[in-house]
Amino acid sequence: MTMQPGTHTDILRQVPPDTRRHLTTLRDGPGLRHLAGHFGLILALGGYVAAQAPLWGLALWPLGIALAFLFTLQHECTHRTPFKTPWLNEIMGHVTGLILMQPFLWFRAFHMAHHKYTNDPDNDPELAEGKPDTRRALIWHLLSLAYWISKARLLWRNAIGPEPASYITRRQSRLIRTEARAYLAAYAAITLVMVMVAPWLFYVWLLPLVLGFPVLRLYLLAEHDRCPHVTDMFANTRTTFTSCAIRALAWNMPYHAEHHAWPAVPYHRLPDLHAIAKPHLKEIANGYADFAKDSWKAAQTPRS
């Protein structure tokens, strides 16, 4: 398919109707199979740790990475695209939200605003959180301690009553408050069970998640960091070329410019969209290791 050059809207406008239908048709099968694979990996690694099998400590980091990358499933659920059946998207959005301490309904509102104002310094809520611009800030960002503190505070604030934000409607505010209270009640019950009955939960959930989360933080940084503040999604968002294993773990979200250009395309059709978009991508990285090296070089060392 030959496309005339232009912005993402120019390119997508040229996609034929039959191809549009192919790209945007929702299905349950691919998502359910992918879900079984992702949770199967978590259960296998978690079972190995819980059994304290030989060298079980070495499994904590890959287990944590697998847990952390449930974020990419939750992200897809905000768009209601990984599954055709609506309630599957909602249930998995909340399951992953509980695991990651990221309330799903709040994240959907936040993320939709991010899509509407991608890389707009005045309106994109992701940019309001700040991006690391020094090597010290980059290290602190990847360590993720501030992330966990901010999520705990967010959950508490949402339970009391979400702080007014331009991207949260009055109806969403009520639902977000109820959601936060339900999450807090669930965490209280889980903590009680962990202390009284199942201390192994700490080793198969909390500890590995903390250890693995820096990998997710680096992955997420690659999506928009140092991309220009323009409206063209093929320029303000980065696609990262990587292995099929990482694409599977991240539910094809390394095709991130493609996802931002056309969020209605489910994750399993993003490779097809990538085939169309590839010649027009303006921000790419040849792997996450290369992105990390470039980020380290670009970060200014703070003055002592």
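Numbers for residues simply follow the sequence, beginning at 1.
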Working to the nearest 0.5 angstrom, can you tell me the gap between [X] [atom1] and [Y] [atom2]?
X    : Y    : atom1 : atom2 : result
M112 : Y117 : CE    : OH    : 13.5 Å
W205 : I99  : CH2   : CD1   : 8.0 Å
H22  : T24  : NE2   : OG1   : 9.5 Å
N89  : W87  : CG    : CH2   : 10.0 Å
L45  : L60  : CG    : CG    : 9.5 Å
T19  : I276 : OG1   : CD1   : 6.0 Å

Side-chain touch [X]/[Y], heavy atoms, less than 4.5 angstrom:
X    : Y    : result
V265 : H259 : no
C227 : T237 : no
F83  : L35  : yes
I42  : V204 : no
Y167 : W106 : yes
P208 : W61  : no
C77  : I91  : no
K151 : W156 : no

For a quick test of reading the model, state the closest non-hydrogen atom pair linking [X] to [Y] and the distance between them.
X    : Y    : answer
L100 : W148 : O-CZ3, 3.6 Å
V15  : L23  : CG1-CD1, 4.5 Å
L249 : A66  : CD1-CA, 4.1 Å
W140 : A146 : NE1-CB, 3.6 Å
F69  : V215 : CE1-CG1, 4.0 Å
R181 : I160 : NH2-O, 4.1 Å

Using modelled atom types only, decide if a donor and an acceptor are shared between the side chain of [X] and the backbone of [Y] within a distance under 3.5 Å.
X    : Y    : value
Y255 : D272 : no
R247 : T242 : yes
Y219 : I246 : no
T96  : M92  : yes
Q172 : T169 : yes
R157 : A152 : no
R238 : E283 : no
T134 : A299 : no
T85  : L88  : no
R27  : K84  : no

- Test log, rule side-chain contact (heavy atoms from CB on, under 4.5 Å), inputs D225 and S295: CA-CA 9 Å; D225 190 44; S295 294; 4.2 Å; yes
- Query: Salt-bridged, E258 to R269, with N to O below 4.0 Å?
  - Reply: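 Here E258 does not pair with R269 in a salt bridge, since their nearest N and O are not under 4.0 Å apart.
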Using a distance-only test with no angle check, is there a side-chain donor-acceptor pair under 3.5 angstrom linking [X] and [Y]?
X    : Y    : value
H268 : N252 : no
H224 : N119 : no
T118 : N236 : no
T7   : T9   : yes

Answer yes or no: are there more than 12 heavy-atom neighbours, outside [X] itself, under 6.0 Å from its atom [atom1]?
X    : atom1 : value
K282 : NZ    : yes
K131 : NZ    : yes
W56  : CH2   : yes

- Message: Check the orientation of H75 and H79. Use parallel for under 30°, tilted for 30 to 60°, and perpendicular for over 60°.
- Response: perpendicular
- Task: Would you please classify the geometry between the F110 ring and the F107 ring as parallel, tilted or perpendicular, with 30° and 60° separating the classes?
- Result: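 The rings of F107 and F110 lie parallel, inter-plane angle below 30°.
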- Query: Do the two ring centres, one from H8 and one from H260, sit under 6.0 Å apart?
  - Reply: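 No: the rings miss the under 6.0 Å criterion.
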- Message: When you measure from the centre of the six-membered ring of F241, is the NZ or CZ of K278 closer than 6.0 Å and no more than 45° off the axis?
- Response: yes
- Item | Step-by-step side-chain contact (heavy atoms from CB on, under 4.5 Å) determination, F71 to M253 | CA-CA 11 Å; F71 169 88; M253 283 302 107; over 6 Å; no
- CA sep, side-chain torsions, deciding dist, call: H256, H274, ring pair (Phe, Tyr, Trp, His ring centres under 6.0 Å): CA-CA 9 Å; H256 210 63; H274 173 70; over 10 Å; no
Would you say [X] and [Y] are hydrophobically clustered, going by side-chain heavy atoms of ILVMFWY under 4.5 Å?
X    : Y    : answer
I139 : L220 : no
L206 : Y187 : yes
I190 : F39  : yes
L43  : L209 : no
L26  : L32  : no

- Contacts of Y267 that satisfy ring pair (Phe, Tyr, Trp, His ring centres under 6.0 Å) - sequence neighbours left out: H34, W251
- Message: Test side-chain contact (heavy atoms from CB on, under 4.5 Å) on Y183 and L98; report intermediate values, then the result.
- Response: CA-CA 7 Å; Y183 275 43; L98 279 168; 3.8 Å; yes
- Query: Where do L67 and F213 land on the side-chain contact (heavy atoms from CB on, under 4.5 Å) test, with the steps shown first?
  - Reply: CA-CA 8 Å; L67 286 167; F213 216 79; over 6 Å; no
- Message: Go through it in stages, so that I can follow the logic: the residues are R80 and E90, the test is salt bridge (charged side-chain N to carboxylate O under 4.0 Å, His left out), and I'd like the CA-CA distance, side-chain angles, deciding distance and then a yes or no.
- Response: CA-CA 8 Å; R80 302 179 173 93; E90 302 305 303; 3.8 Å; yes
